[in-house]
Amino acid sequence: MNPTYEPNEIETAWYDRWEQAGVFRPEVNPYGEPFCVVIPPPNVTGQLHMGHALNHAIIDAIVRRKRMQGYAALWVPGTDHAGIATQNVVERELGAEGLSRHDLGREAFVEQVWEWKRRSGARITQQMRRLGSSCDWTRERFTMDDRLSTAVREVFVTLYEEGLVYRGDRIINWCPRCTTALAEIEVEYWDEDGELAHIAYPLTEGDGQVVVATTRAETMLGDTAVAVHPDDPRYAGLVGRTVTLPLVGRQIPIIADDHVDPDFGTGVVKVTPAHDPNDFAIGERHGLESVTIMDDHGFIIGDLFAGLDRFDARRAVKEALEAAGLLVSVEDHRHSVGHCYRCDTVVEPYLSLQWFVEVRPITDPAIDAVRNGESRFVPERWQNSYFHWMENLRDWCVSRQIWWGHRIPAWYCDQASEGCPAVHVSRTDLSACPTCGGPVTQDEDVLDTWFSSALWPFSVFGWPDTTPDLETFYPNGVMVTGFDIMYFWVARMMQMGIHFMGKAPYPDIVIHGLVRAGDGRKMSKSLGNAIDPLDVVDEYGADPLRLALLQAAAPGHDVSLDMEWVAGARRFGNKVWNAARFVLAGMDGTHAPPDGGYPGDVGPAEAWILHRLAEVTARFDTLCDGYRFSDAFGLLYNFMWAEVFDWYLEMAKVGLRSDATAASTRQTLGVVLRDVLKLLHPAMPHLTEELWGHLVGDGLIAASRWPDPPARPAPPGVETLQELIGKVRSFRSQHGVSPRVPIELLIHGPSGTIADWWHGQLDALANASVTPVADELGAGHTRLVAGPVHSFIALAGLIDIDAERDRLTRAVAEIDKVLGRAEAKLGNPGFLDKAPDDVVAKERAKVAELSERRASLQSQLNELG
RNA sequence: GGGCGAUUAGCUCAGGGGGAGAGCGCUUCCCUGACACGGAAGAGGUCAGAGGUUCAAAUCCUCUAUCGCCCACCA
């Protein structure tokens with residue numbers, strides 16, 4: 001074996017072997033209880049980014065462990081068609097050739113996107129393989145696969161039949177660049193510096209005027225009223241009269257509406273029902289006309305300013321008003337502006353005919369499912385955000401004016417005016433009107449990408465057909481995702497899953513944070529601080545990246561990924577690698593059994609490490625079951641490095657040298673290494689698989705059984721010995737006594753505790769020889785106390801007496817600090833009365849132990865003179 | 001305007017009522033026959049601040065400050 005761990009040399013070969021062995025298929029555990037995770041499907045044209053790497057590291061750790069525990073574990077991979085995002089990518093490519101999608105036409109364009117998908121769709125799945133994600137690729141899905149499209153249509157039609165899908169004229173958020181409607185959630189708001197223009201609207205009759213304030217002056221072209229608060233005394237006499245809309249000349253009424261805040265601006269609002277959601281609501285209440293003043297690209301239409309883009313029009317309108325003497329003032333005004341989440345263009349509230357899902361009836365059950373514990377969030381606090389979001393939902397605009405996606409299964413009868421219902425929503429394509437037999441035209445729009453994503457936990461299994469997989473794997477075992485798509489995705493899966501499957505899609509919803517750069521800032525391409533996980537894999541390996549992500553990902557908190565962590569994880573891998581080399585050398589060509597094989601009759605060191613192995617395994621399982629992977633792998637990391645490698649391997653060296661103990665030592669080394677490799681496997685699958693090959697020599701660790709070492713008591717004396725060795729080393733270090741200089745340790749203590757075994761260990765680990773003494777030694781010696789054992793070292797010629805005095809004085813002071821606190825507690829009647837008995841007993845024991853320790857230190861000081 | 005989170009060692013972060021933890025960095029010693037991507041021994045914190053609850057507070061409560069994030073119809 002190579003003396004250095006080289007992740008990239010060992011990682012690449014394993015994936016194919018796992019796949020060929022079929023270990024990622026749930027059928028590998030045919031009798032196991034099902035456990036399924038569906039991947040949060042990445043955009044098909046996307047690239048793996050650090051957020052995916054984190055998400056996949058967590059999911060894979062969960063799934064690999066479940067598989068080893070005997071579950072029929074399944075991780076369903078797949079990708080999302082990502083409507084607008086993907087269409088934008090392909091349009092950009094066309095744009096480079098000077099073409100638009102309209103030059104191609106719908107059919108050719110969609111074919112072009114499919115072509116793009118065929119060309120680049122495999123990239124992200126290859127990247128997943130490189131990270132070692134244990135997906136069952138025989139069950140890979142794409143949101144626009146035929147069967148998933150069938151599911152989408154079934155859901156849409158069913159909701160329509162239930163009256164939960166409807167079509168209507170509403171103000172929606174419109175992206176003039178993507179030329180499509182967006183859902184509320186697809187708009188990102190951020191504060192921008194703008195202007196508040198005050199414009200005078202003259203009364204039609206008489207001399208007066210009212211002044212309105214607006215940030216979007218151009219929308220005045222579409223005003224059909226001005227509104228004041230009904231109780232505003234300033235304008236009480238004006239309600240019911242009309243003003244003449246400047247520039248346009250239209251007479252519009254002054255109306256009273258509660259929505260108006262009398263304290264904002266002048267207390268008068270211009271009302272533009274076609275271009276503002278509030279104004280639309282006011283318009284509905286007062287029966288106002290809506291005047292649309294822009295086309296779908298945001299250019300002005302109509303008699304005035306036609307052809308100007310909305311921002312140019314804003315300037316032009318203000319100039320024209322100024323020329324007319326009606327622009328009262330323009331103030332700087334910082335306010336929140338909505339942007340398209342796909343292209344950052346400023347969105348326009350826009351009146352248009354769209355399809356909506358009425359969400360209330362499907363939302364309440366989704367709220368109840370969390371309230372009654374059918375599904376729970378980890379960490380729990382996310383449920384409050386979920387409730388708040390769900391309780392305030394408004395109907396979901398699901399139609400998109402793009403070409404890439406699931407076309408809305410609605411057909412319009414061309415002869416609708418002749419007594420036919422205008423709209424036919426159908427599970428099958430229509431070529432003629434089912435009522436009158438006349439020609440029909442299909443709706444041009446497609447559905448929101450998230451509509452199909454919402455069905456993912458069951459559509460991947462072939463719903464609406466009742467397939468064996470659907471019956472086996474729904475509900476899924478757990479959902480793991482970032483909070484950034486909790487509303488886009490998790491909330492909607494809950495709605496759809498419960499509505500169509502009758503059960504919540506999963507019992508546990510694990511929400512992890514974002515990956516931030518080492519400087520704590522959000523990783524993003526635009527900031528230029530994004531780290532490509534594939535670059536990290538090339539430099540450090542997939543396993544180190546995975547371990548670093550898992551260790552860094554405390555539940556619900558963002559992850560600041562510093563490359564130092566990844567480097568640290570690789571150093572750990574190197575340590576494991578070399579520890580394994582040592583164990584293998586010690587095993588002398590024999591193999592460890594794949595399971596069990598825990599030796600019964602062993603030496604103290606073996607008994608100790610097996611005792612710890614059982615303890616740590618149990619704790620590790622508890623942490624994993626609670627999704628506390630950073631704690632779990634932190635525990636394992638420290639156990640392996642500090643206890644197995646630094647202590648046990650060193651102690652085993654002694655055991656291997658003696659014929660009497662070599663066999664049980666070898667056996668223990670083998671099973672302990674084997675079990676910690678199993679525990680580590682969910683985080684570092686390649687490294688552990690490689691080492692399994694050498695250690696066990698048969699089968700795959702990925703398909704091995706999760707360890708369950710039997711609990712056993714801690715053997716006496718081992719921790720005391722470790723403490724004593726520490727004291728000797730510390731003594732050397734503080735007095736500059738080289739490790740090469742042998743020390744004679746005069747040990748006085750309970751005879752039973754000092755096994756012969758100590759001699760060999762002290763010699764090997766502390767270069768100290770042992771001489772038992774019957775009495776305590778005084779002047780000229782220093783005393784090392786470890787548990788019940790007192791040991792003495794003759795100081796003559798060995799050390800600097802002053803330095804030793806310093807050391808002892810500091811040690812006494814340290815003990816006094818703790819002792820003082822403990823004694824104060826025991827001196828407090830309240831503590832004795834109210835603290836639990838075991839706490840008091842523990843405190844007493846502490847004081848007793850510390851007092852003894854202090855006394856012995858003090859006597860040493862006295863002995864030094 | 002609401003809500004949530006964070007503030008702990010030089011750095012990045014765990015912990016969550018009973019003697020302050022990890023990794024990295026730093027200091028000293030050691031290339032001991034698995035590993036110098038290593039070993040050993042150390043230094044280094046008024047747990048943001050102020051009140052409160054408690055026998056006991058880094059931990060629970062209230063307020064304050066700073067920094068993030070989410071939500072909201074700021075014309």
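Numbered from 1 within each chain, the chains take letters A, B, ... in sequence-line order. Worth saying up front: this structure is predicted, and the values here are computed from it rather than measured.
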S.K.: Between A/Asp279 (side chain only) and A/Thr272 (backbone N and O only), is there a donor and an acceptor less than 3.5 Å apart?
M.R.: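 Confirmed, A/Asp279 side chain pairs with A/Thr272 backbone.
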S.K.: Can you check the A/Phe572 CZ to B/C35 C1' distance for me, whole Å?
M.R.: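 Value for this atom pair: 13 Å.
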S.K.: Pairing check on B/G38: which nucleotide meets the Watson-Crick or G-U wobble criteria with it, both distances under 3.5 Å?
M.R.: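 Checking every strand shown, B/G38 finds its partner in B/C30, with both distances under 3.5 Å.
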S.K.: Of all the choices, B/C69, B/G39, B/A72, which nucleotide is nearest to the side chain of A/Phe483 once you look at every atom?
M.R.: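 Minimum distance to the A/Phe483 side chain belongs to B/C69.
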S.K.: Please give, in whole Å, the distance from B/G16 P to A/Arg381 CZ?
M.R.: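 Atom CZ in A/Arg381 sits about 13 Å away from atom P in B/G16.
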S.K.: Using a 4.0 Å heavy-atom cut-off across all strands, classify A/Trp641 as base, sugar-phosphate, or nothing.
M.R.: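 Sugar-phosphate, no base atom in range.
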S.K.: Can you tell me the pairing partner of B/U53 across any strand shown, Watson-Crick or G-U wobble, with both distances under 3.5 angstrom?
M.R.: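 The base-pairing partner of B/U53, which may sit in any strand shown, does not exist here.
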S.K.: Quick one: label A/Arg732 by what it contacts on the DNA or RNA (base, sugar-phosphate, nothing), any heavy atom closer than 4.0 Å.
M.R.: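 Result for A/Arg732 = nothing.
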S.K.: Rounding to the closest angstrom, what is the interatomic distance between B/U8 and B/G3 at atom C1'?
M.R.: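 So the two C1' atoms sit 26 Å from each other.
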S.K.: What nucleic acid atoms does A/Arg657 come within less than 4.0 Å of, heavy atoms only: base, sugar-phosphate, or nothing?
M.R.: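 Answer is base: heavy atoms of A/Arg657 come under 4.0 Å of a base.
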S.K.: Identify whether any heavy atom of A/Asp191 sits under 4.0 Å from a base atom; if not, whether one sits that close to sugar-phosphate; answer base, sugar-phosphate or nothing.
M.R.: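 Here A/Asp191 touches the bases of the nucleic acid.
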S.K.: Give one of base, sugar-phosphate or nothing for A/Asp631, where a contact means two heavy atoms less than 4.0 Å apart.
M.R.: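 Answer is sugar-phosphate: A/Asp631 comes under 4.0 Å of backbone atoms only.
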S.K.: Within this structure, what is the CZ-to-P distance between A/Phe582 and B/G38, rounded to whole angstrom?
M.R.: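 Rounding to the nearest Å, CZ of A/Phe582 and P of B/G38 are 18 Å apart.
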S.K.: Without decimals, in angstroms, what is the distance between A/Glu188 CD and B/A72 C1'?
M.R.: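 Whole-Å distance recorded here is 16 Å.
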S.K.: Tell me what A/Leu649 touches on the nucleic acid: a base, only sugar-phosphate, or nothing, going by heavy atoms under 4.0 Å.
M.R.: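 Since a base atom lies under 4.0 Å of A/Leu649, the category is base.
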S.K.: So for atom CD, which belongs to A/Glu6, do other residues, nucleotides or ligands contribute more than 12 heavy atoms lying within a distance under 6.0 Å?
M.R.: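 Buried by this count: over 12 neighbours within 6.0 Å.
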S.K.: Among the nucleotides B/A75, B/G38, B/A34, which one has an atom lying closest to any side-chain atom of A/Ala579?
M.R.: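 Out of B/A75, B/G38, B/A34, the nucleotide with an atom closest to A/Ala579's side chain is B/A34.
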S.K.: Measure from the side-chain heavy atoms of A/Phe831 and tell me the nearest of B/G18, B/C69, B/C35.
M.R.: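 For A/Phe831, the side-chain atoms sit closest to B/G18.
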S.K.: Figure out the CD1/C1' separation between A/Ile171 and B/A75, and round it to whole Å.
M.R.: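 One finds 14 Å between C1' of B/A75 and CD1 of A/Ile171, rounded.
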S.K.: Looking across every strand, which nucleic acid part, if any, lies under 4.0 Å from A/Val271 by heavy atom: base, sugar-phosphate, or nothing?
M.R.: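 Touches nothing.
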S.K.: Using whole Å, report how far CG of A/Asp279 lies from P of B/C74.
M.R.: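 It works out to 12 Å between those atoms.
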S.K.: Quote, to the nearest angstrom, the P distance that separates B/C13 from B/U32.
M.R.: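 After rounding to an integer number of Å, I get 38 Å for this pair.
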S.K.: Within this structure, what is the OH-to-P distance between A/Tyr189 and B/G1, rounded to whole angstrom?
M.R.: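 That distance rounds to 19 Å.
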S.K.: Should B/C69 form a Watson-Crick or G-U wobble pair with both distances under 3.5 Å, which nucleotide is its partner?
M.R.: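 Pair assignment: B/C69 / B/G3.
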S.K.: Count the heavy atoms of every other residue, nucleotide or ligand shown that sit under 6.0 Å from CZ of A/Arg619, and state whether that count exceeds 12.
M.R.: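 No, the 6.0 Å shell around CZ holds no more than 12 heavy atoms from other groups.
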S.K.: Within the structure, does a side-chain N or O atom of A/Ser730 lie under 4.0 Å from either OP1 or OP2 of B/G42?
M.R.: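 The answer is yes; a side-chain N or O of A/Ser730 sits under 4.0 Å from OP1 or OP2.
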S.K.: For A/Pro829, answer base if it contacts any base atom (sugar-phosphate contacts may also be present), sugar-phosphate if it contacts only those atoms, and nothing otherwise; contact means non-hydrogen atoms under 4.0 Å.
M.R.: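 No contact at all - A/Pro829 keeps every heavy atom at 4.0 Å or more from the nucleic acid.
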S.K.: Just checking A/Asp332: does its CG atom have more than 12 heavy atoms from other residues, nucleotides or ligands closer to it than 6.0 angstrom?
M.R.: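 Result for CG/A/Asp332: open.
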S.K.: Write down the distance separating the P atoms in B/A50 and B/A57, rounded off to the nearest Å.
M.R.: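 One P to the other, the span is 14 Å.
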S.K.: Mind checking A/Ser738 for me? I need base, sugar-phosphate or nothing, with any heavy atom below 4.0 Å counting as a touch.
M.R.: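 Result for A/Ser738 = nothing.
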S.K.: So A/Thr215, base contact, sugar-phosphate only, or nothing? Heavy-atom distance under 4.0 Å.
M.R.: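 It contacts sugar-phosphate atoms only.
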S.K.: Both distances below 3.5 Å, Watson-Crick or wobble geometry, any strand: find the nucleotide opposite B/G23.
M.R.: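 By the stated definition (distances under 3.5 Å), B/C11 pairs with B/G23.
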S.K.: Test your reading of the model: is there a side-chain donor-acceptor pair from A/Arg732 to the backbone of A/Val741, 3.5 Å cut-off?
M.R.: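 Answer holds: yes.
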S.K.: So if I take every side-chain heavy atom of A/Arg729 and compare against B/A40, B/G18, B/G23, which nucleotide ends up nearest?
M.R.: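 Side chain of A/Arg729 sits closest to B/A40.
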S.K.: OP1, OP2 of B/C55 versus side-chain N and O of A/Arg821: anything below 4.0 Å?
M.R.: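 Answer no for this pair, as no side-chain N or O of A/Arg821 is under 4.0 Å from OP1 or OP2.
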S.K.: If I pick the C1' atom on B/C61 and the same atom on B/U53, what distance separates them, to the nearest angstrom?
M.R.: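 So the two C1' atoms sit 7 Å from each other.
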S.K.: How would you label the contact of A/Trp577 with the nucleic acid (heavy atoms, under 4.0 Å): base, sugar-phosphate, or nothing?
M.R.: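 It contacts nothing in the nucleic acid.
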S.K.: I'd like the C1' distance from B/G21 over to B/U62, given in whole Å.
M.R.: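 The answer is 29 Å between these two C1' atoms.
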S.K.: Name the closest nucleotide to the A/Val260 side chain, picking from B/A75, B/G42, B/G19.
M.R.: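 Nearest nucleotide to the side chain: B/A75.
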S.K.: Reckon A/Phe645 touches a base, only the sugar-phosphate, or nothing at all at heavy-atom distances under 4.0 Å?
M.R.: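 Base contact.
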S.K.: Establish, with yes or no, whether the OP1 or OP2 oxygen of B/G18 is under 4.0 angstrom from a side-chain nitrogen or oxygen of A/Lys846.
M.R.: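 False: A/Lys846 side-chain N/O out of range (4.0 Å or more) of B/G18 OP1/OP2.
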S.K.: Taking CE from A/Met486 and P from B/G3, how many angstroms apart are they, rounded to a whole number?
M.R.: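 Computing the A/Met486:CE to B/G3:P distance gives 17 Å.
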S.K.: Can you identify which nucleotide, out of B/G19, B/C37, B/A22, has its nearest atom closest to the A/Asn574 side chain?
M.R.: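 Shortest atom-to-atom distance from the side chain points to B/C37.
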S.K.: Please determine, for the side chain of A/Arg570, which listed nucleotide (B/C74, B/C37, B/G5) has the closest atom?
M.R.: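 Given the options B/C74, B/C37, B/G5, the side chain of A/Arg570 is closest to B/C37.
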S.K.: So among A/Arg314, A/His333, A/His335, A/Lys318, which one has a side-chain hydrogen bond (donor to acceptor under 3.5 Å, both in side chains) with A/Glu195?
M.R.: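 Answer to the side-chain hydrogen bond (donor to acceptor under 3.5 Å, both in side chains) test with A/Glu195 among A/Arg314, A/His333, A/His335, A/Lys318: A/Lys318.
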S.K.: Determine the interatomic distance between P on B/U64 and the same-named atom on B/G2; round to the nearest Å.
M.R.: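 Result for the P pair: 12 Å, nearest Å.
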S.K.: If each of A/Lys270 and A/Pro739 is mapped to the nucleotide of RNA chain B with the nearest heavy atom, which maps nearer the 5' terminus, i.e. the 5' end?
M.R.: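 The answer here is A/Pro739.
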S.K.: A/His694 vs A/Trp577 aromatic rings, parallel, tilted or perpendicular, using cut-offs 30° and 60°?
M.R.: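 The rings of A/His694 and A/Trp577 stand perpendicular, inter-plane angle above 60°.
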S.K.: Would you verify whether the NZ or CZ of A/Lys653 falls within 45 degrees of the ring axis of A/Phe582 while also being under 6.0 Å from that six-membered ring's centre?
M.R.: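 Yes, a cation-pi geometry.
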S.K.: State which of B/A75, B/A72, B/A41 makes the closest approach to the side chain of A/Thr214.
M.R.: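 Closest of the options to the side chain of A/Thr214: B/A75.
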S.K.: Strictly below 4.0 Å: does A/Lys653 bring a side-chain N or O up to OP1 or OP2 of B/A34?
M.R.: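 It does, given that an N or O in the side chain of A/Lys653 lies less than 4.0 Å from OP1 or OP2 of B/A34.
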S.K.: Quick one: is the NZ or CZ of A/Arg570 closer than 6.0 Å to the six-membered ring centre of A/Trp565, and within 45° of its axis?
M.R.: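 No, a cation-pi geometry is absent between A/Arg570 and A/Trp565.
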S.K.: Reckon A/Glu650 touches a base, only the sugar-phosphate, or nothing at all at heavy-atom distances under 4.0 Å?
M.R.: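 The answer is base, as A/Glu650 lies within the cut-off (heavy atoms under 4.0 Å) of a base atom.
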S.K.: Quick check on RNA chain B: between A/Leu850 and A/Tyr487, whose nearest nucleotide comes earlier from the 5' end?
M.R.: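 So the residue in question is A/Leu850.
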S.K.: May I ask you to say what A/Asp646 touches in the nucleic acid, namely base, sugar-phosphate or nothing, with a heavy-atom cut-off under 4.0 Å?
M.R.: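 Since only primed, P, OP1 and OP2 atoms lie under 4.0 Å of A/Asp646, the category is sugar-phosphate.
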S.K.: Which one, B/G38, B/G15, B/G19, comes nearest to the side chain of A/Arg571?
M.R.: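 So the side chain of A/Arg571 is nearest to B/G38.
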S.K.: Expressed in whole Å, how much space separates the C1' atoms belonging to B/A56 and B/C60?
M.R.: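 Comparing C1' positions in B/A56 and B/C60 gives a spacing of 13 Å.
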S.K.: Is any side-chain N of the basic residue among A/Glu823 and A/Arg844 closer than 4.0 Å to the acidic one's carboxylate O?
M.R.: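 No.
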S.K.: Taking the side chain of A/Lys825 as its heavy atoms from C-beta onward, which of B/G38, B/A34, B/G19 lies nearest to it?
M.R.: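 Looking only at side-chain atoms, A/Lys825 lies closest to B/G19.
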S.K.: Mind checking the P distance from B/G45 to B/A22? Whole angstroms is fine.
M.R.: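 Approximately 15 Å lies between the P atom of B/G45 and that of B/A22.
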S.K.: Can you tell me the pairing partner of B/U59 across any strand shown, Watson-Crick or G-U wobble, with both distances under 3.5 angstrom?
M.R.: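 B/U59 is unpaired by these criteria.
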